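Quick notes on the structure that follows.
Values in this document were obtained by computation on a predicted structure and should not be read as measured data.
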Amino acid sequence: MTTPVTIIGAGLGGLTLARVLHVHGIPATVYEAESSPTARAQGGLLDIHDHNGQLALKAAGLHEEFLGVIHQGAEASRVLDKEGKVLLDEPDDGTGGRPEVPRGELRRILLDSLPAGTVRWGRKATSVRALGDGRHEVTFADGATVTAGLLVGADGAWSRVRPLLSGATPEYVGTCLLETHLYDSDTRHPAAARAVGDGSLFALAPGRGISAHREPDGVLHTYVTLRKPREWLDSLDFGDAVGVTARIAAEFHDWAPELTSLITDGETAPVPRALHALPAGHRWDRVPGVTLLGDAAHLMHPSGEGANLAMYDGAELGNALAAHPHDTEAALASYEEALFPRSAAAATMAVRIHDLLLDDDAPYSLVDFFTGHGQRAE
């Protein structure tokens, strides 16, 4: 295959695609809106699954590098009720089925594996138009343009490439997250650190929850989850961190203090995340010269699968293009034929998991999901 691949978006999915193409000797260029690899923090830990994310890394020839950045012990998880009672406590069993790694380290591994100049930084795509014969023109915020013989939208939830294929747009799912951090937790926040344990915490009640991850160097990364109308989130003044923190904490006024301290003692201003999703069965008709991967193709409720699916999409698309070196359309058709049912199944499961976290029987519904039987207090 000699047609260069134009990839919009240097997230994990786009970079995995670029790397797998490089392994197969197929040229690719990635255009990314961020100004540099260090323009912003890359988020917290990701659990990379052995049935998709790790397979993608193996296809990219980077599995050994991945093993070197695993945060040991972080596969542990526990479920608590709002009083702080531990209902389920599962240690890291060391099998490596879902090991946790820092997102930034994983992205670094992918970036370092690409030839210099593969990623063009500071190129924010603002519009895309069809030119005919499977070619497309991408316009960037600075007015520059590029013509693509094969275009891949790896540009996330609000993809500029998606409208070439689909009229679907993400919709608010009725749930928001608010994100904050505690630092040096074992020394400065010992009660919260004990509550979180060695890995992930899910403290839940109907319609609300406090989740946290223990990250390297004693960092506790907290996500507060609330089922609220979008208007409630929009009413918060995030320029007033103290006031917003108080508003959020008031939603948990009768919770155990070691749990609410994850909110009230937060050392970073709360960051809002309004959750959006595409329809669970999102798909499109084959359009010559263009396709999607990751959130651009199947944005779904948070379930631990998003990064894994994006990377797997990238690897599968790269392998399909390598397997059909003289027939790009056959490669894209083959990739999408597998993509659509895989994405639909994952999105359906993501909705189910999301509901388990917040339904009227939370937290027992999540314990039941994990173990097959609940542990209700008498």
Side-chain angles (χ1 to χ4, degrees), residues 44 76-90 172-183 185-186 188-214 219-238 240-275 301-302 353-371 373-378:
S77 62
R78 52 174 45 183
V79 181
L80 279 63
D81 65 15
K82 69 179 187 177
E83 285 80 32
K85 179 182 177 182
V86 177
L87 304 178
L88 181 69
D89 193 358
E90 296 187 336
Y172 180 58
V173 303
T175 304
C176 59
L177 301 181
L178 300 116
E179 181 181 2
T180 189
H181 298 78
L182 299 182
Y183 299 110
S185 61
D186 294 305
R188 298 169 58 188
H189 310 282
R194 286 192 297 270
V196 173
D198 295 330
S200 299
L201 160 77
F202 301 92
L204 307 170
R208 64 204 62 218
I210 300 173
S211 301
H213 286 135
R214 177 181 288 271
V219 174
L220 300 182
H221 190 169
T222 300
Y223 296 92
V224 176
T225 307
L226 291 166
R227 273 197 166 150
K228 292 287 188 181
R230 181 60 194 263
E231 293 76 18
W232 181 86
L233 184 63
D234 292 341
S235 73
L236 301 181
D237 178 9
F238 285 91
D240 176 12
V242 173
V244 166
T245 298
R247 286 277 302 273
I248 299 166
E251 299 287 333
F252 299 86
H253 64 91
D254 57 347
W255 285 47
E258 64 269 26
L259 299 176
T260 57
S261 66
L262 289 162
I263 304 169
T264 57
D265 294 351
E267 296 175 72
T268 55
V271 175
R273 312 282 186 198
L275 300 184
H301 295 64
I353 293 172
H354 184 76
D355 288 344
L356 288 173
L357 296 174
L358 301 170
D359 69 15
D360 290 342
D361 201 30
Y364 304 106
S365 46
L366 182 63
V367 174
D368 205 21
F369 176 73
F370 283 152
T371 67
H373 60 279
Q375 297 183 20
R376 292 161 178 76
E378 297 296 334

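Taking the charged nitrogens against the carboxylate oxygens, Asp237 and Arg247 have no contact shorter than 4.0 Å, which rules out a salt bridge. Using a 4.0 Å cut-off between a side-chain N of Lys or Arg and a carboxylate O of Asp or Glu, Glu258 and Arg194 do not qualify as a salt bridge.
In this structure, the separation between CG on Leu366 and CG on Leu87 is 9.5 Å, given to the nearest 0.5 Å. One distance of note links OH of Tyr364 with CG of Leu356; it measures 15.0 Å at 0.5 Å rounding. Expressed to the nearest 0.5 Å, how far CD1 of Ile248 lies from NZ of Lys228 amounts to 11.0 Å. Once rounded to the nearest 0.5 Å, the distance linking CG of Leu233 with CZ of Arg273 reads 11.5 Å. His354 NE2 to Leu358 CG: the interatomic distance, rounded to the nearest 0.5 Å, is 5.0 Å.
The shortest heavy-atom contact between Pro229 and Tyr172 is C-CE2, 4.0 Å. Pairing each heavy atom of Ser185 with each of Arg214, the nearest pair is OG-NH1, 4.0 Å. Taking both residues in full, the closest heavy atoms of Phe238 and Pro270 are given as CD2-O, 3.4 Å, listed atom of the first, atom of the second, then distance.
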Listing, residues 201-213 side-chain donor-acceptor contacts under 3.5 Å, not counting sequence neighbours, or none:
from, atom 1, to, atom 2, distance (Å)
Arg208, NH1, Glu251, O, 2.9
Arg208, NH1, Glu251, OE1, 2.9
His213, NE2, Ser200, OG, 3.2

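Side-chain contact between Leu88 and Arg78 is absent, with no heavy atoms from C-beta onward closer than 4.5 Å. The side-chain heavy atoms of Tyr223 and Pro302, taken from C-beta on, include no pair separated by under 4.5 Å. By the 4.5 Å heavy-atom criterion applied to side chains, Pro363 and Leu80 are not counted as neighbours. Residues Phe252 and Ile263 have side chains in contact (heavy-atom distance under 4.5 Å, counting atoms from C-beta outward).
Across Thr175, Leu357, Leu275, Val173, a single residue satisfies side chain to side chain contact (heavy atoms under 4.5 Å, CB included) together with His301, and that is Val173.
Within a 6.0 Å radius of CG in Asp254, more than 12 heavy atoms belonging to other residues, nucleotides or ligands are found. Atom CG of Asp265 is surrounded by more than 12 heavy atoms from other residues, nucleotides or ligands within 6.0 Å.
Partners of Asp355 by side-chain hydrogen bond (donor to acceptor under 3.5 Å, both in side chains), not counting sequence neighbours, listed by chain and number: Arg227. Scanning for side-chain hydrogen bond (donor to acceptor under 3.5 Å, both in side chains) contacts around Thr268 gives Thr180, His181, with sequence neighbours left out.
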